[in-house]
Amino acid sequence: MLSEREIIKLITGKTGAPRDDVALGIGDDAAVLQPRSGHELVVCADTLVAGVHFPDGTAPSAIGHKALAVNLSDLAAMGAEPGWALLALTLPEADEAWLREFATGFSELATRFEVMLVGGDTTRGPLTVSVTALGQVPAGGALRRAGARPGDALCVSGTLGDAALALAQWRAGGVRDVELAARLDLPEPRVALGLALRGIAHAAIDVSDGLLSDLRKLIEADGLGATVEIEQLPRSERFAASGGTTEMMLGGGDDYELLFALPAAALPGLAAHSVTRIGTVEAERGVRCVDGTGRPVKVTAAGYEHFG
Ligand code: ADP
Ligand code: MG
């Protein structure tokens, strides 16, 4: 068992990427940061609770990765460049091997995205990992949920439903597909795409609760609607080959892809990224799903909602 001091010491050895703009990191009462001039800070927080946001038995390195990844996904959806993170850890016991792996998963992702861990808090209780991430955008340049316009192309990055299928496989207790499990445990935040969308996308959101649920948040921000072409929804080969369903693509959570609205003419400029047009923003409120012939399809998947 480690003391709180020893826990902090262990974490201090795995703080991701060193940054010049951190005047004071872990060790004082608070961190001191120096954002670039002419930039605004973009700040978000997300909590992972054992048994709710990740299945019991998830590798500690995956928990460390995911706790940061979901926050970097929020920053990406704002078009922000990530820079700093805080980590509030609640642990039932101070297991050194667990902590080491956890910190390694966190730190590896942080290093890759040039994020530095600059502080946090450590308490005892049921396993809960809460991360606050900070990024920066040129003043006024953050992407928002509001801003979509009728006629905009509705696009999504990557593929949908892989994490939902992995979760279904885990619940069924059978064989878990490694590729799909990685989509659930080790989501890849779409940071580069978020930066590329600055000044191009009219509105953006990350897909964490399920495509339909997050699409509604996007269009309702402007009192608009959308049509979604079911056959255009991007799916991975593994997903298609392993019994993935339309409901999983529409309603499954944990995709951590970006959903955004932009003029169709801007799409070729995003050729370097994995982006699929899945529909169109419309003035008529509500979401309409259509099949390949344009006929309406009834959809039941509601998306994941806490307290639902
Ligand atoms: P305080 O009592 O002033 O809140 P602590 O003794 O809790 O400070 O923490 C000491 C230092 O260690 C602080 O800089 C704090 O930000 C950092 N710290 C504590 N827990 C964590 C953690 N889980 N991850 C990162 N930094 C942490
Ligand atoms: Mg203090």
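As the structure lists them, so they are numbered: ligands from 1, and atoms in each ligand from 1. All values below were derived from every heavy atom in this structure, side-chain atoms included, with hydrogens, water molecules and symmetry-related copies excluded.
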Of the side chain and backbone of I8, name the one, both, or neither that has a heavy atom under 4.0 Å from an atom of ligand 1.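 For I8, only side-chain atoms sit under 4.0 Å from ligand 1.
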Sole candidate of D74, I219, L259 that passes side chain to side chain contact (heavy atoms under 4.5 Å, CB included) when paired with I205: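 Between I205 and the candidates, side chain to side chain contact (heavy atoms under 4.5 Å, CB included) is satisfied uniquely by L259.
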Any heavy atom of E4 sitting closer than 4.0 Å to ligand 1?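 Under 4.0 Å: yes for E4.
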For G27, counting its heavy atoms only, list the atoms of ligand 1 lying under 4.0 Å from any of them.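 Those atoms are 11 (C), 13 (C), 14 (O).
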For G119, the ligand 1 atoms whose distance to one of its heavy atoms is below 4.0 Å: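 Going through ligand 1 atom by atom, the ones under 4.0 Å from G119 are 16 (O), 24 (N), 25 (C), 26 (N), 27 (C).
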Taking E188 first and then R112, would you say they form a salt bridge - that is, a charged N and a carboxylate O separated by under 4.0 Å?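 R112 and E188: salt-bridged.
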Between R238 and D162, does any NZ, NE, NH1 or NH2 come within less than 4.0 Å of an OD or OE carboxylate oxygen?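 No, this pair does not count.
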We want to know whether S130 and T47 form a side-chain donor-acceptor pair, criterion being a heavy-atom distance below 3.5 angstrom.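 The criterion, which ignores hydrogens and geometry beyond distance, is satisfied for T47 and S130.
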For S157 and S274, does a side-chain donor sit closer than 3.5 Å to a side-chain acceptor?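 Judged by distance alone, the side chains do not pair up.
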Have a look at L87, I26, D121 and point out the one with the heavy atom closest to atom 17 (C) of ligand 1.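 Nearest heavy atom to atom 17 (C) of ligand 1 lies in I26.
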Pick whichever of D28, L86, L89 has a heavy atom sitting closest to atom 13 (C) of ligand 1.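 Result: the heavy atom closest to atom 13 (C) of ligand 1 is in D28.
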